[in-house]
Student: 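Once you've had a glance at the structure underneath, I'll fire off some questions.
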Amino acid sequence: MAAQDGGKSEVGVNSSPALKPKDWVLLSLRLVALFATAAATIVMALNKQTNTVVVATVGNTPVKVAVTAKFQQTPAFVFFVVANGMASFHNWLMIVVELFGHKIDYKGLRLAIIAILDMMTVALASAGDGAATFMAEVGKNGNSHARWNKICDKFHAYCDRGSGALIASFIGLLILLIINVMSISKLLKPKHTYIGVP
């Protein structure tokens, strides 16, 4: 019928599987977020330092012991590694869906699922960052009220690598927030209408 009315053709929601420029921006942001969260995961997971510390003094002779600081010794850092690992996996999966998911979209349900998963990933990553930041602050300054001693004066490299992982993770979290806003804005757009007279 559309051909009889001046040659107008119908344009549907999935008429063109090619990515638009805005989709390429989102894809690039996901790639940067993937690299940031993956870097944070790897750096913290490999963070380990052994140092010799004085634990006691017998007469005039100090008693020294080799002590190793590892991320596994702190549950907050373990959660940080898991949270950033999950965020990395989420971004990798969403890149695949962005590239190949147009073929399996069902009435825009794909966009809603992506937006929900993005929100969950932001919540998980921010919780991991918050927990690790708290423990990093205690490691750097200690807590005199709880009588927790600082360790960064003895394990400089360990704390420096942990700080680098935190910075990378916060960069990833910021980009994830931007991605989340873009995912939600896709849901708020009006649906494409069909052109042509039935």
Side-chain angles (χ1 to χ4, degrees), residues 26-57 62-95 97 113-185:
L26 184 60
L27 199 63
S28 301
L29 286 173
R30 284 199 188 278
L31 198 59
V32 174
L34 170 63
F35 287 140
T37 54
T41 304
I42 292 167
V43 169
M44 187 63 86
L46 298 177
N47 197 6
K48 180 180 178 182
Q49 182 184 0
T50 302
N51 200 358
T52 303
V53 295
V54 177
V55 293
T57 304
V63 178
K64 296 182 178 180
V65 175
V67 179
T68 301
K70 301 184 280 189
F71 89 96
Q72 298 99 322
Q73 296 167 336
T74 307
F77 291 156
V78 174
F79 178 50
F80 174 85
V81 169
V82 172
N84 279 280
M86 292 296 294
S88 301
F89 176 73
H90 167 77
N91 279 311
W92 174 79
L93 188 63
M94 291 301 108
I95 288 170
V97 169
I113 292 172
I114 289 173
I116 291 168
L117 290 175
D118 282 343
M119 262 190 277
M120 291 171 62
T121 302
V122 166
L124 181 66
S126 65
D129 288 354
T133 302
F134 167 74
M135 287 310 298
E137 197 277 331
V138 170
K140 183 178 179 183
N141 300 317
N143 188 324
S144 59
H145 301 290
R147 298 189 183 207
W148 294 339
N149 296 327
K150 59 184 177 180
I151 65 160
C152 286
D153 57 337
K154 300 175 185 69
F155 297 94
H156 298 289
Y158 176 79
C159 290
D160 289 343
R161 286 191 291 267
S163 298
L166 276 169
I167 290 168
S169 183
F170 273 111
I171 290 169
L173 178 61
L174 179 64
I175 296 169
L176 281 170
L177 284 168
I178 296 168
I179 290 169
N180 196 17
V181 171
M182 292 177 74
S183 295
I184 292 171
S185 69

Student: Taking the side chain as every heavy atom from C-beta outward, state whether Leu27 and Leu31 have any atom pair closer than 4.5 Å.
Tutor: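 With C-beta onward as the side chain, the pair stays apart.
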
Student: Can you find a heavy atom in the side chain of Met182 that is under 4.5 Å from one in the side chain of Leu26?
Tutor: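 They are in contact (side-chain heavy atoms under 4.5 Å apart), so the answer is yes.
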
Student: For the pair Arg161 (side chain) and Lys48 (backbone), establish whether a donor and an acceptor sit closer than 3.5 Å, ignoring hydrogens and angles.
Tutor: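 Flag set: sc Arg161 to bb Lys48 pair under 3.5 Å.
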
Student: Measure from the side-chain N and O atoms of Ser183 to the backbone N and O of Ala115, and report whether any donor-acceptor pair falls under 3.5 Å.
Tutor: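 Here the side-chain-to-backbone pair does not exist.
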
Student: Counting neighbours of CE on Met120 that are heavy atoms of other residues, nucleotides or ligands and sit closer than 6.0 Å, is the number greater than 12?
Tutor: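 Open.
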
Student: Using atom types as modelled and distance alone, determine if a side-chain donor or acceptor of Asn47 lies under 3.5 Å from a backbone N or O of Phe71.
Tutor: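 Here the side-chain-to-backbone pair does not exist.
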
Student: To the nearest 0.5 Å, what is the distance between CE on Met94 and CG on Leu29?
Tutor: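 Nearest 0.5 Å value for the CE-CG distance: 15.5 Å.
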
Student: Taking all atoms of both residues into account, what is the closest heavy-atom pair of Phe155 and Ala69, and its distance?
Tutor: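 Closest approach of Phe155 to Ala69: CD2-CB, 3.8 Å.
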
Student: Quick one: pull up CE in Met86 and CG in Asn91 and give me the separation to the nearest 0.5 Å.
Tutor: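 Interatomic distance, Met86 CE to Asn91 CG, rounded to 0.5 Å: 11.5 Å.
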
Student: Side chains of Thr121 and Phe89: closer than 4.5 Å at any heavy-atom pair?
Tutor: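 No, side chains not in contact.
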
Student: So which heavy atom on Ala33 is nearest to which on Gly172, and how close?
Tutor: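 The answer is CB-O, 4.3 Å.
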
Student: Classify the side-chain pair Asp118/His90 by whether it contains a donor and acceptor separated by less than 3.5 Å.
Tutor: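 Checked: Asp118/His90 side chains pair up, N/O donor to acceptor below 3.5 Å.
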
Student: Are the side chains of Ile114 and Val97 in contact, using a 4.5 Å heavy-atom criterion?
Tutor: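 Side-chain contact under 4.5 Å: yes.
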
Student: Do you know which two heavy atoms are closest between Phe77 and Ala132, and how far apart they sit?
Tutor: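 So the two residues come closest at CE2-O, 3.5 Å.
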
Student: So, taking the atom named CD1 in Ile175 and the one named CZ in Phe170, what distance separates them when rounded to the nearest 0.5 Å?
Tutor: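 Between Ile175 CD1 and Phe170 CZ, I get 13.5 Å after rounding to 0.5 Å.
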
Student: Return yes if some donor-acceptor pair links the side-chain N/O of Tyr158 with the main-chain N/O of Cys152 below 3.5 Å, else return no.
Tutor: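 No, the answer is negative, given that no donor and acceptor are paired below the 3.5 Å cut-off.
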
Student: Do you know which two heavy atoms are closest between Gly128 and Phe80, and how far apart they sit?
Tutor: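 Heavy atoms only, the tightest pair is O-CD1, 3.6 Å.
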
Student: Report the distance from atom CG of Leu173 to atom OG1 of Thr37, rounding to the nearest 0.5 Å.
Tutor: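 If I round to the nearest 0.5 Å, the distance is 10.0 Å.
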
Student: Does the Ser88 side chain pair with the main chain of Asn84, one donor and one acceptor, at a distance under 3.5 Å?
Tutor: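 Yes, Ser88 side chain to Asn84 backbone: donor-acceptor pair under 3.5 Å.
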
Student: Please report the shortest heavy-atom distance between Ala66 and Thr50, naming the atom on each side.
Tutor: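 Nearest pair, atom of Ala66 first, then Thr50: CB-CG2, 4.3 Å.
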
Student: Can you measure from CG (Asp129) to CG (Leu174) and round to the nearest 0.5 angstrom?
Tutor: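 Going from the CG atom of Asp129 to the CG atom of Leu174 covers 11.0 Å.
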
Student: Please round to the nearest 0.5 Å and tell me the distance separating atom CE of Met135 and atom CD of Gln73.
Tutor: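 With rounding to 0.5 Å, CE (Met135) is 10.5 Å from CD (Gln73).
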
Student: Can you tell me if Ser169 uses its side chain to pair, donor with acceptor, with the backbone of Leu166 under 3.5 Å?
Tutor: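 Not at all, since once roles are kept as given, no pair shorter than 3.5 Å links the two residues.
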
Student: Are any side-chain N or O atoms of Glu137 and backbone N or O atoms of Gly142, one a donor and one an acceptor, separated by less than 3.5 Å?
Tutor: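 Absent.
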
